[in-house]
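Worksheet for the structure shown next.
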There are 2 protein chains.
Amino acid sequence: MTTTDRSRRSLAAHGASPVSPTRGPRRGGRVGEVRWDAESFWGARILTNAQATFDHCIAWMDRLGWLENFDRVARGDVTVDRPGWQFSDSEVYKLLEGMAWELARCPDDALQATYEALVGRVEAAQDADGYVGTAFGHAGLPERYSDMSMGHELYNMGHLIQAGVARLGTFGEDRLTEVARRAADHICREFAEGSRETLCGHPEIEAALAELGRVTGQPRYIEQARLFVERRGRGTLPVRPLLAADYFQDDVPVREAKALRGHAVRALYLSAGAVDVAVETEDAELLEVLQSQWVHTVERRTYITGGMGSRHQDEGFGEDWELPPDRAYCETCAGVASVMFAWRLYLATGQARHIDLIERTLFNVIATAQGADGRSFFYANPLQLRTAPEEAVSAEVNMRAEGGARAPWFDVSCCPTNVARTLASLETYACAVKGDVVSLLLYGAGTATIDVDGDPLELRLDTRYPDDGTITVTVVEAPSRPITLRLRVPQWAAGATGAEPGGEPHPVEAGWWDVRRDFAPGDRVELVLPIEPRLSWPDPRIDAVRGTVAVERGPLVLCLESHDAPDGAGLDGLQIDGAAMLQSHGDGAVVHATRIGDPEVPVGRVPFSGSLSPSSESSAPMSVPLIPYHRWAQREPGTMRVFIPVAHPSDGRSMPIT
Amino acid sequence: MTTTDRSRRSLAAHGASPVSPTRGPRRGGRVGEVRWDAESFWGARILTNAQATFDHCIAWMDRLGWLENFDRVARGDVTVDRPGWQFSDSEVYKLLEGMAWELARCPDDALQATYEALVGRVEAAQDADGYVGTAFGHAGLPERYSDMSMGHELYNMGHLIQAGVARLGTFGEDRLTEVARRAADHICREFAEGSRETLCGHPEIEAALAELGRVTGQPRYIEQARLFVERRGRGTLPVRPLLAADYFQDDVPVREAKALRGHAVRALYLSAGAVDVAVETEDAELLEVLQSQWVHTVERRTYITGGMGSRHQDEGFGEDWELPPDRAYCETCAGVASVMFAWRLYLATGQARHIDLIERTLFNVIATAQGADGRSFFYANPLQLRTAPEEAVSAEVNMRAEGGARAPWFDVSCCPTNVARTLASLETYACAVKGDVVSLLLYGAGTATIDVDGDPLELRLDTRYPDDGTITVTVVEAPSRPITLRLRVPQWAAGATGAEPGGEPHPVEAGWWDVRRDFAPGDRVELVLPIEPRLSWPDPRIDAVRGTVAVERGPLVLCLESHDAPDGAGLDGLQIDGAAMLQSHGDGAVVHATRIGDPEVPVGRVPFSGSLSPSSESSAPMSVPLIPYHRWAQREPGTMRVFIPVAHPSDGRSMPIT
């Protein structure tokens with residue numbers, strides 16, 4: 001047995017997963033445990049990711065010179081006007097991480113060759129002491145670590161380390177993992193106590209080092225992650241003009257903050273890494289603070305889509321209840337980062353609400369952000385498009401993905417590769433194991449072969465979820481002892497029913513539905529989640545959507561596109577009847593609506609007045625179809641809204657009293 | 001008679017005003033024609049401006065080294081790390097402009113000495129060829145005009161020229177006017193056709209050169225302004241990462257654009273200069289386009305306060321109907337710039353709506369932006385503060401004037417000096433003359449001595465406006481021939497009455513009320529504007545304030561501060577009764593309101609749900625006082641809103657049908 005073989009085997013037990021705590025009773029799914037069918041909602045997207053997105057991203061990075069930056073460093077001819085932002089290296093690493101997951105999920109020679117070629121270029125650019133970076137630290141570039149606020153050097157290497165972790169856990173040592181270890185060792189030397197006692201403006205290194213510590217069993221990486229978490233919030237980072245310390249979360253120490261704030265992706269990556277540190281150091285106080293920050297943020301700073309980040313300015317969180325639908329930023333990467341944070345809290349606490357948010361975010365941010373072709377992306381994910389572009393903008397020109405058109409790439413192109421790595425590892429979020437309790441968390445048709453303390457549990461999963469709410473789990477093989485199958489019942493699924501093997505359906509509460517028994521092949525467990533469309537009323541403290549309502553169907557947020565206004569008159573003035581029944585319609589719904597005319601604004605006057613123009617009579621009622629939000633912007637340019645004005649709120653309030 | 005005396009006399013006829021068209025029938029007021037009493041609304045602020053604001057601004061610029069930048073250039077030891085942004089010179093020039101107006105309004109030896117000392121420092125920094133600038137073009141600095149997108153060199157010199165224009169018109173030639181002329185001549189040489197055919201990323205030079213052309217009678221300055229206007233919108237400016245061409249209005253030619261867009265101050269300064277060019281070149285088509293852009297912008301992109309700029313991101317205009325109250329940017333300088341644009345359109349067209357907007361903006365943006373002490377300022381002027389700071393932030397620390405506290409100065413400190421120059425020249429906006437028609441535009445107690453084709457019209461103006469709506473005009477001296485006194489009746493003043501000398505009050509329509517006669521000393525004209533508080537309903541297309549209403553009283557927008565919630569429970573859940581009567585209360589109003597409790601959000605769930613918590617019973621009705629918006633944030637930290645949720649809209653729509 002070679003060293004590589006040994007490390008591969010020894011790591012397989014806890015490493016084949018993006019997050020592998022060494023403390024705590026629960027582990028997440030491993031690559032290969034749940035496999036979704038290619039026809040399922042997520043299975044199809046995972047396939048497209050492998051077949052289209054990887055090559056697409058490489059082609060763009062090649063075209064833009066972001067790959068050649070590594071070759072230039074290796075050749076010694078990199079210059080300060082190198083192409084790409086200072087964080088462009090990270091896109092290569094996120095893609096390598098995605099490839100590592102995909103190669104384990106579904107080995108492929110061509111992908112393997114692509115992966116190895118990329119790794120070779122990165123490896124060639126690594127300095128002897130482990131530093132890797134194409135924007136600093138070489139002749140012709142600024143000095144290493146000369147701009148901790150915005151240089152992104154540790155952010156970049158953090159993503160390199162995460163790629164290495166993925167490879168270590170799914171394969172074992174290779175050239176990439178060596179590069180990643182050397183980079184991590186370099187960072188531990190440079191940023192130890194008594195050395196450079198500073199931190200990176202963009203968190204990421206924290207979660208990366210913590211996970212490397214877990215997978216390698218080396219506590220020094222976790223200790224370095226802990227140092228970075230504890231250093232934060234003490235005003236260490238030089239503040240830039242017009243960028244305050246909260247942008248970097250360097251305003252308040254992590255364990256003293258009440259809510260997530262500042263740049264959303266930074267805040268969420270930091271929180272994810274901080275959970276890792278709390279778990280590995282058994283710091284219950286820190287874990288509780290992070291949980292409390294998550295609760296506050298979800299309750300008051302999160303969109304119905306799960307999107308986070310209310311402001312374009314600073315790509316940041318807003319204040320409590322600041323959730324404008326039109327200017328929602330909801331950066332795709334913040335969706336990825338929110339999944340990372342919530343997943344770690346779930347593993348630590350076992351609460352269903354974390355998975356509820358993950359599901360909400362996956363179906364309504366991640367599935368929206370990537371086009372069906374796997375080659376087009378949204379960067380921001382607003383919940384309303386008020387003005388349609390006059391004509392469709394070619395995706396190649398629309399490099400900021402604005403006006404309701406997905407773009408193939410961005411100037412700041414963090415999102416495509418972030419979605420790619422998330423999809424490639426998404427199946428690992430589908431289940432978790434704690435002792436003899438096997439939890440099914442995300443639903444899709446497919447198979448599961450789950451390791452229950454050394455015994456395999458093999459399941460067939462049948463469902464058309466989210467189009468339909470029936471989930472059937474058939475046991476193919478089970479340990480010959482009692483185990484618990486624990487199924488998640490989403491919080492929205494009032495009226496859900498479950499049927500044990502051979503039993504009749506009975507009501508199950510939101511949260512967890514446990515079926516414990518000595519399972520035999522052929523045993524069937526059936527969960528039925530009611531996915532009839534439902535009205536979702538915003539909390540009245542959310543000023544931006546007062547007097548409106550949203551429609552959800554199962555885990556999907558629905559939206560109204562101007563194409564679907566039956567009278568062809570767009571969305572202005574359309575008001576839905578808050579008291580009328582909703583009907584399912586394909587994967588969407590049909591609502592009843594009327595239209596009022598727009599009032600006349602006196603010429604050249606501000607649009608606020610003491611009276612309404614008499615032109616505002618209501619139209620006859622009409623039926624209006626809504627579609628899943630993740631399918632918006634697939635037609636010619638139009639307008640869109642998730643929150644729809646209500647014609648007759650039951651008592652003049654924003655919500656009906658039940 | 002010296003040369004200076006001669007030029008002073010010849011200029012006095014058309015120059016003692018910020019805008020002095022040489023074409024068209026109408027002129028604005030000149031310094032000294034209307035003088036408001038020191039106790040009047042604006043008179044008090046103009047006095048504070050002279051007594052406090054000038055010195056305050058100089059002290060800050062001295063402390064920060066912005067003044068010494070000129071000395072460094074003169075000494076030849078300026079460096080690239082000079083203090084201040086690249087546009088800090090302009091603050092000195094705006095202050096010089098303000099001082100020039102104030103010295104004409106009310107000569108003062110100490111102010112004169114301060115003015116001359118500042119002028120000397122600027123003069124010493126001027127290059128032999130006329131260029132002035134402390135951030136480019138000298139040893140140790142980047143080359144002249146090496147960053148047309150963001151360098152602000154012409155913007156700075158534009159403000160220098162405007163200061164020179166103010167001095168030329170009110171005094172005649174002096175050292176400042178010589179400096180300004182040399183700078184203008186330099187610019188005309190450098191940016192002529194066939195030379196540098198480019199433009200400045202921040203408009204300002206256009207209006208400045210046009211006015212210099214007017215005051216000096218030199219058409220070449222106007223021609224250069226015309227070139228700058230026509231060059232714009234053709235993609236000439238190098239685009240910066242994350243700053244699109246519309247930020248600079250370099251995306252669409254001025255005469256092809258439909259609405260103002262991009263950075264609000266840039267868009268408005270450009271429009272002001274373009275009106276000047278249109279008027280002086282008798283370009284009716286350009287004037288009509290600009291008028292149409294103004295109409296579109298006022299009807300769909302302007303706040304009830306007159307504030308413009310819906311986005312913090314890029315300090316920009318939003319799309320049509322994008323008018324969030326909490327994230328309203330409404331930069332103070334955009335208020336100043338909007339007054340500049342509207343005033344030029346008024347002079348060109350004589351329409352009351354332009355003055356209506358100016359009045360709205362003055363009372364609700366400018367009067368809000370400067371604190372009563374003349375030493376504290378808002379940069380942004382939001383219409384809602386949702387979260388109060390936990391404790392009052394010292395103004396010295398709060399350099400961005402956030403959280404509802406005015407700051408003494410800003411990192412980007414364009415607003416204080418812009419308010420200073422506006423207040424110092426504000427009386428010139430109070431009247432206009434066209435032939436024998438004398439229009440009174442803005443109301444305040446004071447005196448007027450207006451030149452009507454060489455004959456003086458002397459008036460006494462008595463009013464407590466805006467606290468009271470009665471305006472009495474008493475003739476002290478009048479030309480011995482029939483003239484027309486034309487009084488503006490604001491569009492909100494439904495039910496206004498007017499009484500001619502010796503006559504009974506009779507209804508007057510919004511717009512203009514003309515009184516034509518052969519006036520005799522002692523003749524009294526009385527206009528009564530009803531200033532009872534009134535509800536103002538937002539256009540239903542403004543999503544951000546659906547289900548709310550604002551209260552106005554005369555020209556004042558009112559607001560509700562949390563301090564005034566009678567039950568001490570803040571503003572969440574307060575809903576006003578849209579059908580109940582409003583009452584005046586001091587300079588504000590009293591409304592009837594109830595409070596509903598906040599719904600309980602299930603722990604860790606997004607705040608959107610199918611039901612409302614039963615805790616949301618309405619409270620007993622209570623009376624709640626509103627204060628003028630311009631007086632907000634004068635107490636300890638609290639929350640504030642202009643748009644207040646409505647408990648019982650008459651039929652479930654956003655507005656009642658009249």
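So that the names make sense, note that chain A is the first sequence line, chain B the second, and so on, each numbered from 1.
No other option in A/P325, A/S536, A/A550 has as many heavy-atom pairs under 4.5 Å with chain B as A/S536. No other option in B/R386, B/Q291, B/E319, B/H312 has as many heavy-atom pairs under 4.5 Å with chain A as B/R386. Taking A/D572, A/V603, A/V295 one by one and counting their heavy-atom pairs under 4.5 Å with chain B, the maximum is reached by A/V603. Put simply, of A/L535, A/L323, A/T387, the one with the most heavy-atom pairs under 4.5 Å next to chain B is A/T387. Per-residue counts of heavy-atom pairs under 4.5 Å with chain A were compared for B/R327, B/R534, B/E322; the largest is that of B/R327. Of all the listed residues (B/R605, B/H296, B/R360, B/Q351), the one sharing the greatest number of non-hydrogen pairs under 4.5 Å with chain A is B/R605. Of the residues considered (B/L571, B/T297, B/I542, B/V412), B/I542 shows the highest number of contacts with chain A, using heavy-atom pairs under 4.5 Å. The greatest number of non-hydrogen atom pairs below 4.5 Å with chain A, out of B/G573, B/A494, B/P645, B/A244, is found for B/P645. With chain A as the partner, the residue from B/Q384, B/H354, B/R541 showing the most heavy-atom pairs under 4.5 Å is B/R541.
A side-chain donor-acceptor contact under 3.5 Å links A/R595 to the backbone of A/G570. A donor-acceptor pair under 3.5 Å is absent between the side-chain atoms of B/D314 and the main chain of B/Y247, judged by distance alone.
For the atom pair A/T594 OG1 and A/I576 CD1, the distance stands at 10.0 Å (nearest 0.5 Å). Here the OG1 atom belonging to B/T305 is positioned 5.5 Å from the OH atom belonging to B/Y629, to the nearest 0.5 angstrom. Atoms CD and OG, on B/E600 and B/S609 in that order, are 11.0 Å from each other to the nearest 0.5 Å. For the atom pair A/N364 CG and A/Y303 OH, the distance stands at 14.5 Å (nearest 0.5 Å). Note that OG of B/S310 and CG of A/D326 are 9.5 Å apart. Values are rounded to the nearest 0.5 Å. Expressed to the nearest 0.5 Å, how far CE of B/M150 lies from CD of B/Q86 amounts to 6.0 Å.
For B/F643, the part lying under 4.5 angstrom from a heavy atom of chain A is the side chain only. B/W85 touches chain A through its side chain: at least one heavy atom from C-beta onward sits under 4.5 Å away, while N, CA, C and O do not. For B/D320, the part lying under 4.5 angstrom from a heavy atom of chain A is the backbone only. For a residue to count as touching a neighbouring chain, one of its non-hydrogen atoms must lie under 4.5 Å from one of that chain's; by this rule A/R641 touches chain B with the side chain only. If you measure heavy-atom distances from B/P602 to chain A, the contacts under 4.5 Å come from both the backbone and the side chain. In this structure, the portions of B/I304 lying under 4.5 Å from any heavy atom of chain A include both its backbone and its side chain.
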Stepwise side-chain hydrogen bond (donor to acceptor under 3.5 Å, both in side chains) test for A/E315 and A/Y379: CA-CA 11 Å; A/E315 308 189 306; A/Y379 190 110; 3.0 Å; yes
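In this structure, A/R546 pairs ionically with A/D543, as a charged nitrogen and a carboxylate oxygen lie closer than 4.0 Å.
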